[in-house]
Amino acid sequence: MGSSTPLVKAVKGMNDILPAEIARWHAVEGAFARAMQRQGYREVRTPYVEPTPLFVRAIGEATDVVEKEMYSFTRHDEPLTLRPEGTAGAIRAYVEHGVHNQEPVTRWYYLGPMFRAERPQRGRYRQFYQLGAECIGDPGPGCDAEMIDALAGFLREIGVAAPDVFINSIGSGDTRARYKDALVAALTPMKDELSADSQRRLATNPLRILDSKHPADAEAVARAPTILDFLSDADRAHWDELRRDLDALGTPYTVDPKLVRGLDYYTRTLFEIKGAYDKLGAGSTLLGGGRYDGMVKDLGGPEVPAIGFAAGLERLLIASDVEAPKSVVDVFVAPVGDGTQAAGLVLARDVRRAGLRCEVDTRKASMKAQLRRANALGARVCLILGDREVNQGVVEMKELAGHVQEAVARADVVARVAAVVASPVPEASPKEGGA
RNA sequence: GUGGCCGUAGCUCAGCUGGUAGAGCGCUGGAUUGUGGUUCCGGUUGUCGCGGGUUCGAACCCCGUCGGUCACCCCA
């Protein structure tokens, strides 16, 4: 007993999630799966490890993720990487299995761990969990609006207070390139006013200056042209219809022309949902996504449009007020005395065969200890089995919440317990007088 | 990756200007020789994150390191 200094500790930024917390994880994951299934999405599972070139190709060579955040290694001469995000693998699978030949529109969702070698912070870990979905084969914008609306609804469902939706369009084709030139042209005269980071970005990745948190950068950006003025006619039509659809759905949103994202693959629609600013600080982006009409082709498939998103599960859990169910078992079997252990084992097995969750004490603990355990596990019923009961062919059935106890014939007890568990929980009885 | 702050029991934390550790919760035993949750009484746990240095003496001061946290970079 007592404490000890672990010889080996978990890797920095990679955390254990113990059962007490898992209950909340299940609640959010379950709500997510139901929300997606309601829209015809089906789960897909792809490997945690992919060939490194997949991410380089899909995410973009010049992105931070690829440049410095990937867990990459070589095995059997093959360069491999722990997936830093989910879309690349999903699209790889889509192309590899020729899914476009099987159906016109593909709706997939996924959930699982992702890996990025960043400095850990609250809501940002090196192994973290994402919930995500891809809708492949629909050019939008109705599909875009539907996704955004559904996500806002999902967040409300899991008790995220007042999620804020931000949208933007970065166009398609050469829109981004033309805008980039215009932005550089506008910002270059103000170069001296920019932060050191942004002066560097002017050459490397000017779009990133748009969402810089430095006040001086924000001021300069306010005087620079906005990307929405650079959209082609087709891009503009997509953008206008997206907003009309969102309006029709009644989903509130904010247009943020400074919204840009870190992965290179996006086209047209871009969105982000933030929330729980008080608890998440700078990491308040709960979820982000957008359209990536070029990726399927880039990975060797046909020209098929797609849109997707990913949400950070740890962040959702921080932002959400979902509560974990406290109950671990429905029934606790308490064999009391010397010769009752075997009868207890049999009784517990019979209870489980009726589909109930049941733990039986095999420690030969005192009755007090067993009842305390039954209570701690949130059992609805405790079945007490002493020598007396075994001899008489009965079991004491005690309802923990109501303090009612009754001797029930052994032959009837499973059915009786099942009925009790299925019935609504009685009001908590008033505290005993005296104190 | 850069910078600031923090690191004491399983958890939350106290520990005055250096004199070798404490509370609550939890767990556990009893009051109630077969009845939990409430109440009362008792018990339990620490190489004070780790390594080194200063000192007669370090949880406290110094250096390093690991971890956490906040901001930046970036992102979910």
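Just so it is clear: chains get the letters A, B, ... in the order the sequence lines come, proteins before strands, and each one is counted from 1.
- The same atom, C1', is picked in B/rG10 and in B/rG51; the two are 26 Å apart, to the nearest Å.
- If you check B/rA76, B/rC73, B/rG37 against the side chain of A/N375, the one that comes closest is B/rG37.
- A salt bridge is absent between A/K398 and A/E396; no separation between the charged side-chain nitrogens and carboxylate oxygens falls under 4.0 Å.
- Along RNA chain B, the nucleotide closest to A/G312 and the one closest to A/R363 are compared, and the more 5′ of them pairs with A/R363.
- Between A/F309 and A/F271, the ring planes lie tilted relative to each other; the angle falls in the 30° to 60° range.
- Whole-Å rounding puts the A/D361 CG to B/rG34 C1' distance at 14 Å.
- For the C1' atom pair drawn from B/rA9 and B/rC48, the interatomic distance equals 10 Å after rounding to whole Å.
- In this structure, of B/rA76, B/rG37, B/rC74, it is B/rA76 that holds the atom nearest to the side chain of A/R315.
- Protein atom NE2 of A/H214 is 21 Å distant from nucleotide atom P of B/rU2, rounded to whole Å.
- Searching all strands for a Watson-Crick or G-U wobble partner of B/rG3 with both distances below 3.5 Å returns B/rC70.
- When each of A/S212 and A/S366 is assigned the nucleotide of RNA chain B with its nearest heavy atom, A/S366 is the one assigned upstream, toward the 5' end.
- With rounding to whole Å, A/D197 atom CG is found 6 Å from B/rC74 atom P.
- A/E389 contributes a side-chain N or O that forms a donor-acceptor pair with the base of B/rG34 under 3.5 Å.
- Using atom C1' as the reference point in both B/rG3 and B/rC13, the two lie 28 Å apart (nearest Å).
- The pair A/D164-A/K274 fails the salt-bridge criterion, with no side-chain N (NZ, NE, NH1 or NH2) lying under 4.0 Å from an Asp/Glu carboxylate O.
- Proximity of the aromatic rings of A/Y253 and A/F166 is defined here by a centroid distance below 6.0 angstrom, and this criterion is not met.
- The closest side-chain heavy-atom distance from A/L80 to A/S72 is not below 4.5 Å.
- Residue-to-nucleotide contacts include no donor-acceptor pair under 3.5 Å from the side chain of A/E272 to the base of B/rA76.
- Distance A/L287 CG to B/rA76 P: 10 Å, rounded to the nearest Å.
- Both distances falling under 3.5 Å, in either a Watson-Crick or a G-U wobble arrangement, place B/rG42 opposite B/rU28.
- On a pure distance criterion of 3.5 Å, no polar donor-acceptor pair joins the side chain of A/K368 and the base of B/rU35.
- Counting to the nearest Å, the C1' atom of B/rU32 and the CD1 atom of A/I384 are 14 Å from each other.
- As a whole-Å value, the separation of A/R126 CZ from B/rC74 P is 18 Å.
- Using a 4.0 Å cut-off between a side-chain N of Lys or Arg and a carboxylate O of Asp or Glu, A/R116 and A/E85 do not qualify as a salt bridge.
- Using atom P as the reference point in both B/rA21 and B/rU39, the two lie 32 Å apart (nearest Å).
- In this structure, A/E118 atom CD and B/rC70 atom C1' are separated by 16 Å, rounded to whole Å.
- Of the candidate nucleotides B/rA76, B/rG34, B/rC73, B/rC73 has the atom lying nearest to any side-chain atom of A/R201.
- Of the candidate nucleotides B/rC73, B/rC74, B/rG34, B/rC73 has the atom lying nearest to any side-chain atom of A/K68.
- An OP1 or OP2 oxygen of B/rC27 is reached within less than 4.0 angstrom by no side-chain nitrogen or oxygen of A/R373.
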Tabulate atom names and distances for all N/O pairs under 3.5 angstrom spanning the protein and nucleotides 67-69 of chain B.
unit_1: B/rG68; atom_1: OP1; unit_2: A/G13; atom_2: N; d: 3.2

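- Counting distance only, with no hydrogens placed and no angle test, the side-chain atoms of A/R388 and the base atoms of B/rG34 include a donor-acceptor pair under 3.5 Å.
- Counting atom types as modelled, A/Q405 pairs a side-chain N or O with a base atom of B/rU35 as donor and acceptor under 3.5 Å.
- Applying the Watson-Crick and G-U wobble criteria (two distances, each under 3.5 Å), B/rG37 pairs with nothing in any strand.
- A/E157 and A/R38 are joined by a salt bridge, as a carboxylate oxygen and a charged side-chain nitrogen come within less than 4.0 angstrom of each other.
- Distance noted for atom P between B/rG19 and B/rA58: 11 Å (whole Å).
- As the counterpart of B/rC60, no nucleotide is assigned, since no Watson-Crick or G-U wobble pattern has both distances under 3.5 Å.
- Across all strands shown, B/rU54 remains unpaired; no Watson-Crick or G-U wobble contact has both distances below 3.5 Å.
- One P atom belongs to B/rC50, the other to B/rG7, and the distance between them is 13 Å to the nearest Å.
- Taking atom P in both B/rU28 and B/rU38, the straight-line distance is 13 Å, to the nearest Å.
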(message) Using side chain to side chain contact (heavy atoms under 4.5 Å, CB included), reason through A/S212 and A/D197 one step at a time and then give a plain yes or no.
(response) CA-CA 9 Å; A/S212 166; A/D197 275 329; over 6 Å; no
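- Backbone-only engagement by A/A310 is indicated by non-hydrogen atom pairs under 4.0 Å involving sugar-phosphate atoms exclusively.
- Each of A/N168, A/D293, A/D144 was checked for a side chain to side chain donor-acceptor pair (under 3.5 Å) with A/T269, and the lone residue meeting it is A/D144.
- Ranking B/rG29, B/rU35, B/rC74 by closeness to the A/A369 side chain, first place goes to B/rG29.
- The distance from atom CG of A/L400 to atom P of B/rU38 is 13 Å, rounded to the nearest whole Å.
- Annotation: B/rC60 and B/rU20 have their C1' atoms spaced 12 Å apart (nearest Å).
- Taking 4.0 Å as the cut-off between side-chain N and carboxylate O, A/R126 and A/E118 do not count as a salt-bridged pair.
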